[in-house]
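In what follows, a structure is listed as structure tokens, so that the remarks can point back to it.
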Amino acid sequence: MEIQWRWLPNLWSWFVVCLLGITSTPLCAQDEFAKELEQLAVKCEELGLRQQAEITRAWIVADRPDQQVFYPFQNVDHYKPAVNAPQLQKYWYERFSDIRKGEAERLYQQACQLTEDLPQAYRLLHRVLHENHRHLGARKILGYSDSTVLQLRPRTAKAKKAMPVTGWRSGEYFTIKTTHFEISTNASAADGVRLAKELEQMYSVWQQAFVEFWCDTAGLKKRIAGENGVLYNRRVHSVILFDEVQSYQHFFQQRGIPNQNSSGFYNANSKTSYLHPGKLQSNPWVHEVAHQLFYELGPALQNVGSEQNIWAIEGIAIYMESLQNFDRYVTLGGFESGRLQYGRYNALVNQFHYPLDRFVELGNQELTSHPDIAPLYSQCSGLAHFLMDGNNGKYRDSFFELLRKIYTKTDSAGSLAQLTRTSLEQLSREYHEFLLISDQDLDRLRPGTKLKVFCAARGDVTDKGLARLKAYPELTWLDATGCPITDESIPLFRSLPNLVEVTLDGSGVTDATVRVLAELKNLEQLDLANTQITDQAIGYLAGKPGLEVLFLTNTSVTDKVASDLETMVNLIILDLAGTRMSDAVVEKVKSSLTKLK
């Protein structure tokens with residue numbers, strides 16, 4: 001429909017009148033906000049503003065029982081039309097902004113009444129600024145004046161003096177400063193600025209997630225009451241970013257520190273995080289900076305976690321790695337968190353569970369020198385996710401209190417059970433239940449979620465639920481051990497070209513699924529144990545040069561597959577236990593595959 005622009009003033013009046021209609025049914029304030037946005041979206045559709053309708057409907061961020069949502073302050077007018085945009089889009093934005101300003105004021109009044117829950121008030125004030133970043137009351141309480149907002153922006157300069165700790169000479173590196181960080185780097189200035197922006201965002205999320213840890217709540221209470229108050233003693237945190245992995249490794253080799261293969265390192269003595277760009281595309285650097293913030297914004301006592309409870313220090317840093325940026329909001333936690341997949345895999349597939357009564361007794365040296373350090377770290381990750389988000393955050397406050405005790409060195413091996421008022425045996429059972437997922441969990445995945453690895457092991461995940469993963473072609477590892485999936489998932493496997501490792505142990509797949517998996521160019525590891533496959537499936541895999549690991553345990557394959565197996569010349573692991581193959585043929589096959597371990 002062509003719109004006559006001379007009628008736009010009248011059209012706008014009609015547009016607003018339609019949207020301001022009052023329902024006869026009383027609604028709570030949050031429902032009213034959602035209703036106003038839906039009315040606006042419907043009107044946008046009627047006027048052909050499809051994109052604006054989508055934006056309006058997607059504005060409210062859905063709650064999830066296993067994930068936290070935070071709103072880092074952004075001095076941005078989200079979705080504001082360009083100056084030369086059609087007038088109708090500008091009218092939409094004006095109404096969109098008005099609705100959100102009303103919600104911001106409602107949230108602000110609610111926050112000011114939360115004098116008995118100041119951490120929640122602090123988080124709610126950030127939601128106020130998400131709806132209206134110019135809200136003066138919220139900005140004043142949180143300290144976001146025009147000058148402090150400017151200081152959040154990275155400021156870059158070529159260093160004018162040498163840096164003895166790294167050996168960098170004057171002019172060979174950059175210094176990037178923000179409100180809370182000073183980054184020294186011999187990488188490009190652009191790399192340093194990108195890291196600085198990510199660090200400031202992470203800082204805001206950390207502050208909101210752990211208000212109880214760093215904030216002087218008495219000062220916050222004064223600010224909410226309109227008085228002057230200090231929230232915390234701000235400090236600038238030091239970060240050194242090396243230009244490449246090799247420089248990072250060389251730095252630690254020279255000092256005889258055996259962590260040159262790490263993704264980053266925080267040194268409490270120098271109060272400095274050491275990072276390299278090889279890991280900046282994912283979140284491991286968050287781990288080290290989380291250690292830094294907990295240490296430097298706490299009492300800064302030496303050797304915390306040296307005698308017990310190191311799992312909590314490492315676990316909460318791993319939990320911070322779950323940070324996902326959705327542009328206008330950020331999430332922590334969630335069943336899909338990258339490091340949690342390994343916690344689920346080790347607990348439910350490998351059946352690894354270090355008894356909690358011994359787990360809480362581990363100190364730093366015992367953990368880092370333990371022969372099972374990898375699965376132990378995965379248990380640190382899983383347990384932290386559980387305590388933060390399991391049962392709708394039932395144990396979150398207790399976990400915060402445990403962290404406070406650890407960093408003030410007033411904790412003991414019995415602190416976890418004491419603070420949660422729950423036996424370690426009961427916590428173990430609840431943790432195991434927390435790890436299990438279902439189709440309903442997959443339905444809650446947010447659009448835009450980054451997902452490279454996924455373990456659904458032992459969960460109630462069917463073909464229907466697993467189909468949600470079609471939206472994530474970047475997946476490299478998929479574990480569906482024990483899940484009731486069938487060949488109905490063939491379309492899913494066709495949509496995931498980057499899969500490197502696939503585990504279908506105990507599932508209902510047949511030869512038809514293997515035929516599709518054999519077409520995956522990057523496939524290196526395949527577990528078909530306890531499935532209904534036959535000799536035909538092995539024929540589909542014959543001659544696949546990239547395949548390195550193949551589990552056929554307890555399947556019905558026979559001696560007829562020997563020649564096909566012998567063409568998989570790069571196999572390192574081949575498990576034929578429980579098949580219908582004779583011992584003699586199994587031995588012949590294994591002797592012909594020279595790379596087998």
Side-chain angles (χ1 to χ4, degrees), residues 335-352 374-375 378 381-382 435-439 441-442 451-463 465-470 472-533 537-538 540-541 544 546-557 568 570-579 597:
F335 71 90
E336 72 275 24
S337 298
R339 295 287 290 274
L340 181 57
Q341 308 314 304
Y342 301 101
R344 185 178 293 120
Y345 173 79
N346 279 309
L348 302 181
V349 178
N350 286 345
Q351 302 295 303
F352 179 89
S378 73
S381 169
L435 292 174
L436 297 170
I437 62 173
S438 66
D439 286 355
D441 292 304
L442 284 157
L451 203 61
K452 286 195 172 183
V453 296
F454 189 71
C455 177
R458 312 292 181 197
D460 187 18
V461 175
T462 67
D463 297 308
L466 211 63
R468 288 294 308 275
L469 298 180
K470 286 182 181 178
Y472 306 98
E474 67 274 17
L475 266 180
T476 61
W477 171 44
L478 175 59
D479 190 311
T481 298
C483 293
I485 66 167
T486 67
D487 292 338
E488 293 296 316
S489 286
I490 285 177
L492 167 69
F493 292 116
R494 285 197 172 119
S495 71
L496 301 175
N498 295 306
L499 282 174
V500 174
E501 182 176 354
V502 179
T503 300
L504 300 172
D505 183 353
S507 69
V509 301
T510 69
D511 299 344
T513 292
V514 180
R515 184 175 187 175
V516 174
L517 294 173
E519 297 171 0
L520 296 173
K521 295 181 180 179
N522 300 312
L523 188 65
E524 295 178 1
Q525 301 184 39
L526 179 60
D527 189 343
L528 298 169
N530 302 295
T531 62
Q532 303 171 40
I533 65 163
I538 311 308
Y540 295 140
L541 295 170
K544 194 164 182 60
L547 200 59
E548 297 179 353
V549 177
L550 180 61
F551 286 91
L552 301 173
T553 321
N554 297 327
T555 60
S556 60
V557 297
M568 305 177 197
N570 289 313
L571 280 177
I572 298 171
I573 296 174
L574 174 63
D575 194 328
L576 300 171
T579 65
K597 292 182 179 178

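Just so we're clear, the structure is a prediction, and the values are computed from it rather than from any experiment. By convention here, the first residue in the shown sequence is residue 1.
Rounding to the nearest 0.5 Å gives a distance of 5.5 Å between CG of Leu442 and CG of Leu469. With rounding to the nearest 0.5 angstrom, the CG atom of Leu466 is 5.0 Å from the CG atom of Leu492. Once rounded to the nearest 0.5 Å, the distance linking CG of Leu517 with CG of Leu528 reads 7.0 Å. Distance check: Thr503 OG1 to Leu526 CG gives 8.0 Å after rounding to the nearest 0.5 Å. The distance from the CD atom of Gln532 to the OG1 atom of Thr555 is 11.5 Å, given to the nearest 0.5 Å.
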Requested in this report: Check the pair Leu436, Asp460 against side-chain contact (heavy atoms from CB on, under 4.5 Å), reporting the backbone distance first and the verdict last.
Outcome: CA-CA 8 Å; Leu436 297 170; Asp460 187 18; over 6 Å; no
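The side chain to side chain donor-acceptor pair (under 3.5 Å) check on Arg458 picks up nothing, with sequence neighbours excluded. Residues that satisfy the side chain to side chain contact (heavy atoms under 4.5 Å, CB included) test with Leu571, not counting sequence neighbours, are Leu547, Leu550, Met568, Leu574, Leu593, Leu596. Among residues two or more places apart in sequence or in another chain, the salt bridge (Lys or Arg N to Asp or Glu O under 4.0 Å) test is passed with Asp441 by Arg444. Shown here are the side chain to side chain donor-acceptor pair (under 3.5 Å) partners of Gln341, two or more places apart in sequence or in another chain: Arg344. For Arg494, there are no salt bridge (Lys or Arg N to Asp or Glu O under 4.0 Å) partners, not counting sequence neighbours. Under the side chain to side chain donor-acceptor pair (under 3.5 Å) criterion, Ser337 pairs with His385, sequence neighbours left out. When the side chain to side chain contact (heavy atoms under 4.5 Å, CB included) test is applied to Ala577, the partners found at least two apart in sequence or on another chain are Thr553, Asp575. Taking the ring-ring contact (aromatic ring centres under 6.0 Å, His included) definition, one finds that Phe335 meets it with nothing, sequence neighbours left out. Partners of Phe454 by ring-ring contact (aromatic ring centres under 6.0 Å, His included), not counting sequence neighbours: none found. In terms of the side chain to side chain donor-acceptor pair (under 3.5 Å) criterion, residue partners of Asp505 (sequence neighbours excluded) are, by chain and number, Asn530.
Among all heavy-atom pairs drawn from Ser507 and Ala480, the shortest one is CB-O, 4.5 Å. In this structure, Ala537 and Asp511 approach most closely via the heavy-atom pair CB-OD1, 3.3 Å.
Between Tyr342 and Trp477, the ring planes lie parallel to each other; the angle is under 30°, not in the 30° to 60° tilted range.
Side chain of Ser556 to main chain of Ile533: a donor-acceptor pair is present (N/O by atom type, distance under 3.5 Å, no hydrogens or angles). With Asn498 contributing its side chain and Asn522 its backbone, the two residues share no donor-acceptor pair below 3.5 Å. No side-chain donor-acceptor contact under 3.5 Å links Lys521 to the backbone of Gly546. The closest donor-acceptor contact from the side chain of Asn346 to the backbone of Phe352 lies at 3.5 Å or more, if one exists at all. Using modelled atom types, one side-chain atom of Thr476 and one backbone atom of Lys452 make a donor-acceptor pair closer than 3.5 Å.
Taking 4.5 Å as the limit, every side-chain heavy atom of Thr531 sits out of range of all side-chain heavy atoms of Val514. In this structure, the side chains of Leu435 and Leu340 come closer than 4.5 Å at one or more pairs of heavy atoms.
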Side-chain donor-acceptor pairs under 3.5 Å in residues 481-489, sequence neighbours left out?
unit_1: Thr481; atom_1: OG1; unit_2: Asp479; atom_2: OD1; d: 2.6
unit_1: Thr486; atom_1: OG1; unit_2: Asp463; atom_2: OD2; d: 2.7
unit_1: Thr486; atom_1: OG1; unit_2: Glu488; atom_2: N; d: 3.1
unit_1: Asp487; atom_1: OD1; unit_2: Thr510; atom_2: N; d: 2.9
unit_1: Asp487; atom_1: OD1; unit_2: Thr510; atom_2: OG1; d: 3.4
unit_1: Asp487; atom_1: OD1; unit_2: Thr513; atom_2: OG1; d: 2.6
unit_1: Asp487; atom_1: OD2; unit_2: Thr510; atom_2: OG1; d: 2.3
unit_1: Ser489; atom_1: OG; unit_2: Asp463; atom_2: OD1; d: 2.6

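Residue pairs meeting the ring-ring contact (aromatic ring centres under 6.0 Å, His included) criterion with at least one member in residues 493-521: none, sequence neighbours excluded.
Applying the 6.0 Å contact sphere to CZ of Arg515 captures no more than 12 heavy atoms from other residues, nucleotides or ligands.
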